[in-house]
Structure formats: C-alpha cells, structure tokens
Number of protein chains: 2
Amino acid sequence: MPTHYKGTQREVDTLNAFIKLMRASNSISNRLSRKMSEENITESQFGILEALYHLGCQNQRELGAKILKSGGNITMVIDNLIKRGYVERKQNPEDRRAVIISLTKEGEKFIEKYFPVHLNNIVHEFSALTSEELETLAALCKKVGKAE
Amino acid sequence: MPTHYKGTQREVDTLNAFIKLMRASNSISNRLSRKMSEENITESQFGILEALYHLGCQNQRELGAKILKSGGNITMVIDNLIKRGYVERKQNPEDRRAVIISLTKEGEKFIEKYFPVHLNNIVHEFSALTSEELETLAALCKKVGKAE
DNA sequence: TCCGGGTTGTTTAATATTAAACAAATGGCG
DNA sequence: CGCCATTTGTTTAATATTAAACAACCCGGA
C-alpha cells in the first residue's frame, strides 16, 4: 500500500464533490443511453434533435456548442440523423459557409413521441430528491466550473 | 417553432436539474481531459491508475465497476497502460480466470507526480463554491440515481 | 465425478469522438 | 479592389467505447 497524498480539508471536500458529481452524471448517462439505444438513437443524436425541437433551426457550430462536442463529430452525428430521415441540411443564402440544420416531419414526430418517454426516465432517476433539493442541485451545478 | 411539451412543475424542475448536472459534469470533464492529454493520458487511464493507487491491486472486473466502463474497454485501457509501463498483469494463483492488475514503479511515480496537479485543476473548477456548498452538492449527487 | 450455470477476460465489428489539417467563404482594412 | 485573419464545415487518422459472441475457468449439486 502506497503512502497517499494528504490534502487540505478544502481539497478533500472538493475531491469528494467531484467524484460524487461525476459518478452521478455518468451513472445516469449510462442508464439513459441504454434506454435510448432501444430506439436506436445515441445521446448525441438525441441532444441535437432536442436542441432543434426546442430552439429551432441552427447551424452545426451552434449545435456543437450546445452538446459540447467537436465540429468533426457534429458532421458525423448530423450525417447519421440525415440517414434516418430525422433532419436535413439546407444552404444558408446569407452565408455560404454555413448550413442550416432543421427537423424533418419524421424527426419532429420522433421527438414528440420519444421526449415524454425520455423525460419520464429522467424523472425516475431523480425520484430520490425533493423538489427543493432539485432546485438546490441545479443552482449548485450552475455555479460550478464558472471559474476562469 | 413547434408547440412544446408542457410538463408538470416536477418535470420542469427535474429537467432543469438534469440539464445543469450534465452540463457541469461534461464541461469539467472536457476541460480536465484536455489537460490530461498534455500528459498523453486519457480520463479512463487516469481513473484506473488512481483506483490502483488509492485502493491497491484489483482485477479487471473490479476496475471496470469503478470507472463505469465495459469489460472490453477495460482490456484495451489496461493494454495501453501496459504499453506505457504504468501497470502490469499478474496471474492470480487462486483464480485462473482473473488477473491481478498492479501499478509498476513507473506508474506509481507518474500518479504521485500528476495527482496533485490534477487535484489542483479540480479545485480550480470548483472554486466558485463555498465549502458548505461542496458538501451539499456531494450529498445531493450521492442521493441521485439511487432509485430502482 | 461430472454437468451446467455463472464469472472473468478477450475478441470482433460497429460507432463515437477528438485533434489536426484542410477547403471554402466571409469580412474588415489597407 | 485585394489581401489576410477568421469562421464554418469536412476529412483523416488515431483512439475510445460498446454489445455480443466467445473461451477458459470456477463452483455447487445431482
């Protein structure tokens, strides 16, 4: 057994919060992903569909910023969504570099059908928390990582 | 603009907490990963090294449970750590299916050098929270996802 | 003793993801 | 106008990840 690094109280508390945060989000993410895969959809694909549904048409750069994935990845996720007929690429007449990604009827139908199911799965994941705890958790998470 | 699903108050609060939780953990994870890549190490590799350092030798199944990754993935992560000389596989005389993964001197040296740096990066990420908030966050995250 | 179900790890095939190099387009400034 | 830095998206090469099929092994009960 190695001798371990002894941190300050602040370091110990931070590490504990970090580990618990990561573990919670990874567990939830893994379980939700498994359920999504029953619909043959990935987390990233769902994130794109949701952004388009709730926020309307956007270009790929904006979508990438929303789901925190690289530009190259977005190209592939969109390609796969196009293959399934859920979204389409349109030329942007005002900027020929950019494209406009929008939901197809098919995509809209899918998200309208699946979003309530997904939301239900999420509600189940958080069922151990009271409403007040939910708010506290949201507020704390919002504060985290704001340091520059 | 599509008409949107109107949820109950509980659903709205849950969704908000979920989004903030995911966003916080993904942002932190992305930033930490980028720093780790300067040391040519991945998050999973670091997770394994840390588990071995703090908890001692383990077999691959146990390591997989710790970092929440699939068995097949663990095989590859360990392979890569072996290539770098940070860990080694030993036969378990008591169970010939299992292997014992342990840190090499090299691996121990690395984790002892890099862990404080990593911890410092984490502390920076959480610097916007008071110590009390850290504890609250940890406690709430621990409660989440416990539903079955 | 032997069989069968469960455990541990590996392999395979398919996808996901990233960084880096690249191409095309924009926009500002000389 | 013409150039150059920036922006947007794609491609490429490398790695990560998973589920599923597989092989070797363990163990308990018939």
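Convention: sequence-line order gives letters A, B, ...; per-chain numbering from 1.
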For a ring-ring contact (aromatic ring centres under 6.0 Å, His included) with H118(B), tell me which candidate from Y53(B), F46(B), F110(B) qualifies.
F46(B)
What's touching nucleotides 14-20 of chain C from the protein side, N or O pairs under 3.5 Å?
{"unit_1": "dA16(C)", "atom_1": "OP2", "unit_2": "N80(A)", "atom_2": "ND2", "d": "2.7"}
{"unit_1": "dT17(C)", "atom_1": "OP1", "unit_2": "S44(A)", "atom_2": "OG", "d": "3.4"}
{"unit_1": "dT17(C)", "atom_1": "OP1", "unit_2": "K69(A)", "atom_2": "NZ", "d": "3.4"}
{"unit_1": "dT17(C)", "atom_1": "OP2", "unit_2": "S44(A)", "atom_2": "OG", "d": "3.0"}
{"unit_1": "dT17(C)", "atom_1": "OP2", "unit_2": "N73(A)", "atom_2": "OD1", "d": "3.3"}
{"unit_1": "dT18(C)", "atom_1": "OP2", "unit_2": "S70(A)", "atom_2": "N", "d": "2.8"}
{"unit_1": "dT18(C)", "atom_1": "OP2", "unit_2": "S70(A)", "atom_2": "OG", "d": "3.1"}

Treat each ILVMFWY residue as a node, draw an edge where side-chain heavy atoms are under 4.5 Å apart, and state whether L21(B) and V123(A) are in one component.
yes
Write down the distance between CD (Q58(B)) and P (dT8(C)), rounded to a whole number of angstrom.
13 Å
For residues 13-20 of chain B, which side-chain donor-acceptor pairs fall under 3.5 Å, sequence neighbours excluded?
{"unit_1": "D13(B)", "atom_1": "OD1", "unit_2": "Q9(B)", "atom_2": "NE2", "d": "3.1"}
{"unit_1": "T14(B)", "atom_1": "OG1", "unit_2": "R10(B)", "atom_2": "O", "d": "2.7"}
{"unit_1": "N16(B)", "atom_1": "OD1", "unit_2": "K20(B)", "atom_2": "NZ", "d": "2.5"}

Applying salt bridge (Lys or Arg N to Asp or Glu O under 4.0 Å) to E133(B) and not counting sequence neighbours gives K143(A)
Expressed in angstrom and rounded to an integer, what is the separation of Q60(B) atom CD from dT11(C) atom P?
10 Å
Nearest 0.5 Å please: distance from the CD1 atom of I100(B) over to the NZ atom of K90(B).
7.5 Å
When the distance from CG of N59(A) to P of dT6(D) is rounded to whole Å, what number comes out?
19 Å
Which residues share a salt bridge (Lys or Arg N to Asp or Glu O under 4.0 Å) with K113(A), sequence neighbours left out
E39(A)
Listed partners of E50(B) passing salt bridge (Lys or Arg N to Asp or Glu O under 4.0 Å), at least two apart
none
Can you tell me if K66(A) has over 12 outside heavy atoms packed within less than 6.0 Å of its NZ?
yes
At under 4.0 Å between heavy atoms, how does the protein contact nucleotides 21-26 of chain D? Give one character per nucleotide, 5' to 3', with B, S or -.
---BBS
